Amino acid sequence: MSGLRTILSSTALVGVIGIGYGMWSVIVPGEERKRELLKNLPEANPVRMEETRKRNALMMQVLREAAETSDNIARGVGGRAN
């Protein structure tokens with residue numbers, strides 16, 4: 001009885017792994033679809049990347065200024081920290 005249970009458990013495990021692999025292979029996009037997705041990423045567009053760089057630079061400038069002051073910028077312009 002124990003041998004039969006082991007065989008059935010092993011078969012079930014292999015079946016579940018096979019079903020999981022089959023579902024994974026159906027869901028994963030093909031090579032052509034991957035190339036299309038990579039081509040349409042924002043990082044592939046030089047104009048968009050430059051806009052992102054400028055926005056990041058402005059955010060870093062704001063963070064630097066906030067770190068150098070004792071004002072609490074979360075409470076509004078000119079608010080003093082307690």
Side-chain angles (χ1 to χ4, degrees):
M1 192 66 159
S2 178
L4 182 60
R5 186 178 302 161
T6 303
I7 290 172
L8 286 175
S9 297
S10 299
T11 304
L13 180 64
V14 169
V16 168
I17 291 173
I19 290 171
Y21 179 75
M23 289 174 63
W24 182 262
S25 64
V26 168
I27 293 172
V28 173
E31 196 64 34
E32 185 176 321
R33 178 75 176 133
K34 284 181 188 177
R35 280 194 213 108
E36 183 182 333
L37 288 171
L38 288 174
K39 184 178 75 173
N40 292 330
L41 284 176
E43 292 84 6
N45 185 347
V47 174
R48 179 88 183 261
M49 276 300 291
E50 187 59 33
E51 290 173 356
T52 302
R53 283 190 189 102
K54 287 179 182 177
R55 186 173 49 250
N56 288 345
L58 289 173
M59 286 302 299
M60 288 302 295
Q61 180 182 356
V62 167
L63 290 173
R64 243 183 248 114
E65 290 172 2
E68 293 171 354
T69 184
S70 63
D71 292 342
N72 185 350
I73 62 170
R75 292 183 185 240
V77 179
R80 296 308 258 172
N82 292 335

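Note that the structure is a prediction, hence the values are computed from the model and not measured.
- Interatomic distance, Thr52 OG1 to Arg48 CZ, rounded to the nearest 0.5 Å: 6.0 Å.
- Residues Glu50 and Pro46 fail the side-chain proximity criterion, which asks for heavy atoms closer than 4.5 Å.
- Of the possible donor and acceptor atoms, none in the side chain of Thr69 sits under 3.5 Å from a partner among the backbone N and O of Ala66.
- In this structure, Glu36 pairs ionically with Arg33, as a charged nitrogen and a carboxylate oxygen lie closer than 4.0 Å.
- The shortest distance between side-chain heavy atoms of Val14 and Ser10 does not fall below 4.5 Å.
- Between the CE atom of Met49 and the CG atom of Asn56 there is a distance of 8.5 Å, given to the nearest 0.5 Å.
- Within the model, atoms CG of Leu13 and CG of Leu8 stand 12.5 Å from one another, a figure rounded to the nearest 0.5 Å.
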